[in-house]
**Q** 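I'd like to ask some things about the structure below.
When a residue number appears, it is its place in the shown sequence, counting from 1.
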Amino acid sequence: MAMTDKELIQEIRKCRLADLSDGMDALGLVNVGSMSTEMRPLRPGISFAGFAWTVKLVPAQKTFHACKTVEEYKKMNGEWCSDVYTFAKILKQEDMTDKVLVIDQGGYPGGVLGSENTMDYKLRGVVGYVVDGGCRDSYECNRQQANVFCTKRTFHHVSGRLVHGGVNIPVECAGVTVNPGDIVCADDDGVLVIPRDRAEEVLMFAKAILEDDMKVRAQHYEALGFEPDETLNRLND
């Protein structure tokens with residue numbers, strides 16, 4: 001009997017990316033879904049898994065002009081932000097529970113995410129962010145525990161540089177084609193994308209691999225005098 005989306009994602013979250021990657025290998029999906037090592041977390045310890053909700057941003061055809069007043073700048077920047085954040089208006093109308101926001105901006109080093117909108121989207125159910133491009137406000141994002149992976153660190157915005165190119169379409173992110181609904185997993189080792197139609201098969205192998213690892217590691221812990229920890233009991237959480 002097929003697992004529900006909720007059951008599937010709960011079980012996948014118990015596994016490490018190493019186990020899931022080995023599960024992909026077992027199915028002959030070697031290196032499939034493995035994002036570039038340029039895709040890195042904003043801080044150590046970020047871990048999530050969810051269903052891809054995809055966004056594409058494309059280069060803008062206009063540019064900023066010099067402003068004489070703050071009001072003039074705010075007006076211009078507001079217009080540019082409106083061109084970029086069309087996806088946010090759509091996102092707010094959908095159920096984002098257990099979703100990972102996957103943003104393809106072609107590696108452009110501008111921050112589509114920052115201190116405010118990462119909190120806003122989290123409140124709407126988003127569990128993580130994967131951006132082929134930048135995130136800014138890094139200090140605040142880390143203080144706020146924003147689960148961001150990105151290929152660039154930046155202080156630039158995308159306003160005036162990129163515009164909306166579509167949502168819930170196949171996108172290219174750090175060398176991987178991501179389809180809406182694919183399972184996107186992340187931990188300190190990187191980001192892995194599992195095709196939704198192969199996820200239960202991957203999970204079967206991953207859990208078996210993890211079980212064997214925990215048994216052997218438990219023996220090493222005992223031999224070395226280590227106190228048992230949660231890494232030896234991941235599948236029973």
**Q** Does the pair Asn233 and Met214 meet the rule for a side chain to side chain contact (heavy atoms under 4.5 Å, CB included), with working shown?
**A** CA-CA 7 Å; Asn233 196 37; Met214 290 188 298; 5.7 Å; no
**Q** What's the separation between atom CD1 in Ile12 and atom SG in Cys185, rounded to the nearest 0.5 Å?
**A**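 These two atoms lie 5.5 Å from each other.
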**Q** How about Val148 and Arg43: do any of their side-chain heavy atoms sit closer than 4.5 Å?
**A**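 They are not in contact (no side-chain heavy atoms under 4.5 Å apart), so the answer is no.
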**Q** Any non-hydrogen side-chain atom of Val112 less than 4.5 Å from a side-chain atom of Tyr85?
**A**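 When only atoms from C-beta onward are counted, Tyr85 and Val112 do touch, with a gap below 4.5 Å.
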**Q** Describe, in one word, how the ring planes of His164 and Phe87 are oriented to each other, choosing from parallel (under 30°), tilted (30 to 60°) and perpendicular (over 60°).
**A**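 The arrangement is parallel - the two ring planes meet at less than 30°.
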**Q** Between Lys75 and Glu72, does any NZ, NE, NH1 or NH2 come within less than 4.0 Å of an OD or OE carboxylate oxygen?
**A**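 Salt bridge flag = no for Lys75 with Glu72.
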**Q** Between Arg13 and Asp98, is there a side-chain N and carboxylate O pair less than 4.0 Å apart?
**A**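 Salt bridge: yes.
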**Q** Can you sort out the partners of Glu140 under side chain to side chain contact (heavy atoms under 4.5 Å, CB included), two or more places apart, ordered by chain and number?
**A**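 So Glu140 forms a side chain to side chain contact (heavy atoms under 4.5 Å, CB included) with Ser115, Asp137, Gln144.
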**Q** Can you find a pair of side-chain heavy atoms, one from Thr97 and one from Lys6, that are under 4.5 Å apart?
**A**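 SC-SC contact between Thr97 and Lys6 ruled out.
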**Q** More than 12 heavy atoms of other residues, nucleotides or ligands under 6.0 Å from CZ of Arg143: is that the case?
**A**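 No.
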**Q** Flag the pair Leu203 / Met3 as yes when at least one side-chain heavy-atom distance between them is below 4.5 Å, and no otherwise.
**A**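 Yes, close enough: below the 4.5 Å cut-off.
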**Q** Check whether any side-chain heavy atom of Lys207 sits under 4.5 Å from a side-chain heavy atom of Asp19, and report yes or no.
**A**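 They are not in side-chain contact.
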**Q** Are Asp189 and Arg16 close enough for a salt bridge, meaning some N to O gap below 4.0 Å?
**A**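 Salt bridge flag = no for Arg16 with Asp189.
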**Q** Please give the remaining members of the hydrophobic cluster of Val130, linking ILVMFWY side chains under 4.5 Å, ordered by chain and number.
**A**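 Members besides Val130, by chain and number: Met35, Met39, Ile46, Phe48, Val100, Val102, Val127, Phe149, Ile169, Val171, Val176, Val178, Val184, Val191, Val193.
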**Q** Step by step, would you call Asn147 with Lys122 a side chain to side chain contact (heavy atoms under 4.5 Å, CB included)?
**A** CA-CA 9 Å; Asn147 290 338; Lys122 181 177 181 178; 5.9 Å; no
